[in-house]
Amino acid sequence: MKQKLESLLQQAVTALKTQGILENDFIAQINLERTRDVLHGDFATNLAMMLAKPAKLNPRQLAEKIVAALPNDALISKVDIAGPGFINFFINPDSQFQIVKQVLDAGAEFGSSKIGVGKRVQVEFVSANPTGPLHVGHGRGAAYGSAVADLLAAAGFEVEREYYVNDAGRQMDILATSVWLRYLEACGEVLPFPSNGYRGEYVRDISANLHKKAGDAYRRASTLVMADLPADEPQGGDKEKHIDALIDRAKTLLGEAYKEVFQAGLDEILDDIKDDLAEFGVSYQQWFSERSLMDDHSVEQALRRLDAAGYLYQQEGATWFASSRLGDEKDRVVVRDNGQTTYFASDIAYHMHKLDRGFDQIVNIWGADHHGYIPRVKAAMQALGADESKLKVLLVQFAILYRGDEKVQMSTRSGEFVTLRQLRSEVGRDACRFFYVMRKSEQHMDFDLKLATSRSNENPVYYVQYAHARVCSVLRQLDEKGRQRNPHLGMENLNLLTEEQEAALLTTLSKYPETLERAAVNYEPHQLIHYLRELANQFHSYYNAHQFLVDDEKLCNARINLICAVKQVLVNALSLLKINAPEAM
RNA sequence: GCGCUUGUAGCUCAGCUGGAUAGAGCAUCGGCCUUCUAAGCCGAGGGUCGCAGGUUCGAGUCCUGCCAAGCGUGCCA
């Protein structure tokens with residue numbers, strides 16, 4: 001409908017050009033909007049005001065010429081010129097009714113578009129370190145990321161969802177060492193636990209499983225483990241030096257077996273994360289291992305490419321990437337003075353790998369605390385000779401948890417956190433997903449557990465689901481009264497839908513495709529939530545104002561068709577967000 | 001200090017890429033169940049859009065400068 005109007009306007013502009021009012025080579029951008037006030041019709045354009053200057057006419061005069069040049073079309077019942085030069089379009093009611101048929105004919109497909117057809121997009125999200133279970137902060141990234149991916153898919157893009165697994169590096173060594181130490185405790189050894197180790201209960205669980213499976217195979221005497229270690233922080237030492245020494249000790253004492261302990265920890269946590277996400281309705285095509293970039297020498301290769309391009313230099317025993325030449329605020333180390341590559345070096349290789357896979361667009365969804373990281377990654381892409389605009393980084397602010405007025409502290413290290421799993425079991429998946437994407441991603445978000453866990457009517461997800469359940473209930477009532485639906489009769493009598501609430505619903509239904517499209521291209525799933533609330537609101541108003549199951553068969557079926565269309569759109573939008581549409585509540 | 005993000009009703013947030021009289025939900029107040037689910041509906045009150053300039057037909061939206069909050073500013077990941 002909107003596209004049709006835009007093309008009519010384009011024709012009018014062309015006509016003005018042939019009349020000599022506009023320069024022939026002038027390119028007019030048509031800006032057509034939904035009106036906020038019904039008095040202004042259904043659509044409005046500011047075209048006359050935009051073109052007033054180049055046409056050297058005042059906006060209202062020009063508007064008249066545009067209207068005169070506008071081809072006739074059955075779609076439009078009236079065109080007005082208003083205010084400083086707005087052109088308002090009133091849509092013919094007969095064409096408004098057609099939306100009901102369009103929705104019911106298209107079914108689950110209604111709303112999806114083809115704007116992304118032929119374009120491959122990769123969406124990488126969550127990618128939390130596998131050093132512990134996902135917490136509520138990751139939950140927001142998961143809900144947001146999967147919604148963005150699903151929106152893009154609905155817009156016709158070929159979408160690949162990916163999780164980058166940080167299975168290399170010091171944090172993982174700390175985890176492996178923590179697992180081993182708890183394992184030693186399970187064996188009966190007595191030894192202190194490092195202040196910088198992972199103290200969460202889940203580490204004990206992993207160790208217990210390891211002990212059950214492997215017996216005392218990895219047991220070493222605590223005296224050997226603790227011999228000549230630098231002091232831990234509570235004892236006046238340095239906790240970093242202490243933990244590093246412990247890691248070295250684990251590697252020395254275990255030898256090749258260290259890898260088995262390491263792998264046991266990684267596997268168990270990663271399995272838990274995969275499981276957790278699957279239950280949350282989040283799926284991936286690809287779990288990409290950081291370690292694989294080292295094993296297949298991608299990191300070395302990436303560094304060689306940077307070197308060949310003249311972006312690497314040596315200083316103080318380390319190798320630096322001259323990212324400041326490409327917009328970063330300072331240069332970055334890629335190989336440490338101890339010969340180990342940094343996390344950033346892996347990330348350069350990872351993005352090189354993404355580029356090589358030929359995506360048209362690469363979307364990274366990061367926690368907002370990583371924002372300082374964007375310039376250096378973009379710098380790396382440029383240094384690799386790639387178009388950095390292919391990369392879109394979307395930042396998600398962490399959700400700040402409250403229990404009533406009290407802020408809940410979270411730290412994976414200390415083990416004090418609320419996991420995504422806990423949150424889901426308390427709030428339920430539907431409310432979880434709804435809450436997480438309700439807000440714009442870069443908004444700070446207060447997540448009050450007390451409120452979210454209270455199963456009260458304050459919860460907006462119930463409001464939307466209730467609308468769906470009510471439609472289902474009406475259909476059940478129809479059946480119980482021994483009456484039959486006659487969709488065909490309803491379709492022929494859509495013009496009986498003349499109530500104020502019916503007109504509002506027709507308009508809102510017709511807005512769904514453009515809402516979906518806008519939400520997709522802007523990466524803003526919250527727009528879909530707002531749409532759902534509006535649609536549910538209008539349906540509830542309608543429900544209260546009018547009876548659907550009236551004696552008049554024609555009117556009754558027309559109304560049933562309308563609410564079935566509402567039901568369909570509710571289902572389409574909710575299922576996109578992986579939220580249930582219950583038949584009864 | 002510098003950088004990024006945010007600042008809209010008592011609270012939590014929208015505001016369709018610069019449009020017409022700034023909107024929802026909670027909360028407060030007043031109404032609506034012998035008729036399809038009251039987890040609902042209808043109505044009322046509540047605003048210097050952080051502050052000050054600027055750009056133009058027109059600014060919550062764009063530019064500049066302040067103010068405030070969060071985050072970042074590792075040879076951690």
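Just so it is clear: chains get the letters A, B, ... in the order the sequence lines come, proteins before strands, and each one is counted from 1. Note that the coordinates shown come from a computational prediction; the quantities given were computed from them, not determined experimentally. When reading the values below, keep in mind they use all heavy atoms of this one structure, side chains included, and skip hydrogens, waters and symmetry mates.
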[N] to [M] separation - [atom1] atoms, rounded to the nearest Å:
N	M	atom1	result
B:U35	B:C29	P	27 Å
B:U64	B:G3	P	11 Å
B:G50	B:C16	P	15 Å
B:G45	B:G31	C1'	15 Å
B:C26	B:C67	C1'	30 Å
B:G19	B:C32	P	42 Å
B:C13	B:G7	C1'	13 Å
B:A27	B:U12	P	15 Å

Which of these passes side-chain contact (heavy atoms from CB on, under 4.5 Å) with A:Leu395: A:Asp369, A:Asn364, A:Ile374? A:Ile374
Criterion side-chain contact (heavy atoms from CB on, under 4.5 Å) against A:Phe434, the qualifying member of A:Val427, A:Leu577, A:Val461: A:Val461
Between residues 343-351 of chain A and RNA chain B, which residues have a heavy-atom gap below 4.0 Å? A:Tyr343
What parts of residues 78-87 of chain A reach RNA chain B, counting only heavy atoms under 4.0 Å away? A:Ala82, A:Pro84, A:Phe86
Can you label the angle between the [X] ring and the [Y] ring as parallel, tilted or perpendicular, going by 30° and 60°?
X	Y	result
A:Tyr543	A:Phe548	perpendicular
A:Phe288	A:Tyr350	tilted
A:His526	A:His530	perpendicular

Less than 3.5 Å between a donor and an acceptor, one on the side chain of A:Asn46 and one on the base of B:G19, is that the case here? yes
Please tell me which of the listed nucleotides, [options], lies nearest to the side chain of [X]?
X	options	value
A:Ser473	B:C36, B:G19, B:G15	B:C36
A:Arg439	B:G40, B:C76, B:U12	B:U12
A:Gln547	B:C36, B:G40, B:C75	B:C36
A:Asn537	B:C36, B:U17, B:C41	B:C41
A:Thr35	B:A20, B:C76, B:C13	B:A20
A:Met585	B:A39, B:A77, B:C36	B:A39
A:Asn88	B:A77, B:C36, B:A20	B:A20
A:Gln171	B:A77, B:C57, B:A20	B:A77

I'd like to know whether A:Asp167 forms a side-chain contact (heavy atoms from CB on, under 4.5 Å) with A:Asn129, so could you lay out the CA-CA distance, the side-chain angles of the two residues, the decisive distance to 0.1 Å, and finally the verdict. CA-CA 8 Å; A:Asp167 52 5; A:Asn129 282 351; over 6 Å; no
B:C11: syn or anti, with syn meaning chi within 90° of zero?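 With its glycosidic angle more than 90° from zero, B:C11 counts as anti.
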Can you check B:U17 for me, syn or anti if syn means within 90° of 0?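 In terms of base orientation relative to the sugar, B:U17 is syn.
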To the nearest 0.5 Å, atom OH of A:Tyr311 lies from atom CZ of A:Arg325 at 5.0 Å
Taking side chain as C-beta onward, heavy atoms only, is [X] less than 4.5 Å from [Y]?
X	Y	value
A:Cys564	A:Arg485	yes
A:Pro375	A:Glu329	no
A:Ile243	A:Asp232	no

A:Lys511 has an atom NZ; how far is it from atom P of B:C16, in whole Å?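 The distance from NZ of A:Lys511 to P of B:C16 comes to 13 Å, rounded to the nearest Å.
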Atom-pair distance (CD on A:Gln465; C1' on B:A39), nearest Å: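 Distance check: A:Gln465 CD to B:A39 C1' gives 10 Å.
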Please determine if a side-chain N or O atom of [X] lies less than 4.0 Å away from the OP1 or OP2 oxygen of [N].
X	N	result
A:His546	B:C36	no
A:Arg336	B:C76	yes
A:Tyr542	B:C42	no
A:Thr342	B:A77	no

Which pairs with one or both residues in residues 522-541 of chain A pass salt bridge (charged side-chain N to carboxylate O under 4.0 Å, His left out), sequence neighbours excluded? A:Lys511-A:Glu534
Pairs: protein N or O with nucleotides 30-32 of chain B N or O, under 3.5 Å:
none

Flag the pair A:Tyr144 / A:Tyr436 as yes when their ring centroid distance falls below 6.0 Å, and as no otherwise.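 A:Tyr144 vs A:Tyr436: aromatic centres not under 6.0 Å.
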Could you write out RNA chain B as a dot-bracket string, with dots for unpaired bases, | for bases paired across to another strand, and Watson-Crick or G-U pairs counted at under 3.5 Å? (((((((..((((.....[...)))).(((((.......))))).....(((((..]....))))))))))))....
Do we see A:His40 stacking on the base of B:A20, given a limit of 5.5 Å between centres and 30° between planes? yes
Looking at A:His351 and A:Ile348, would you say the former's side chain and the latter's main chain have a donor-acceptor pair under 3.5 Å?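 Answer holds: no.
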Quick check against the 3.5 Å criterion: does A:Glu480 have a side-chain atom that pairs as donor or acceptor with the backbone of A:Gln477?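 A pair under 3.5 Å: no.
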Measure all distances between protein nitrogen or oxygen atoms and nitrogen or oxygen atoms of nucleotides 2-10 of chain B, and list the pairs falling under 3.5 Å.
unit_1, atom_1, unit_2, atom_2, d
B:G3, N2, A:His371, NE2, 2.8

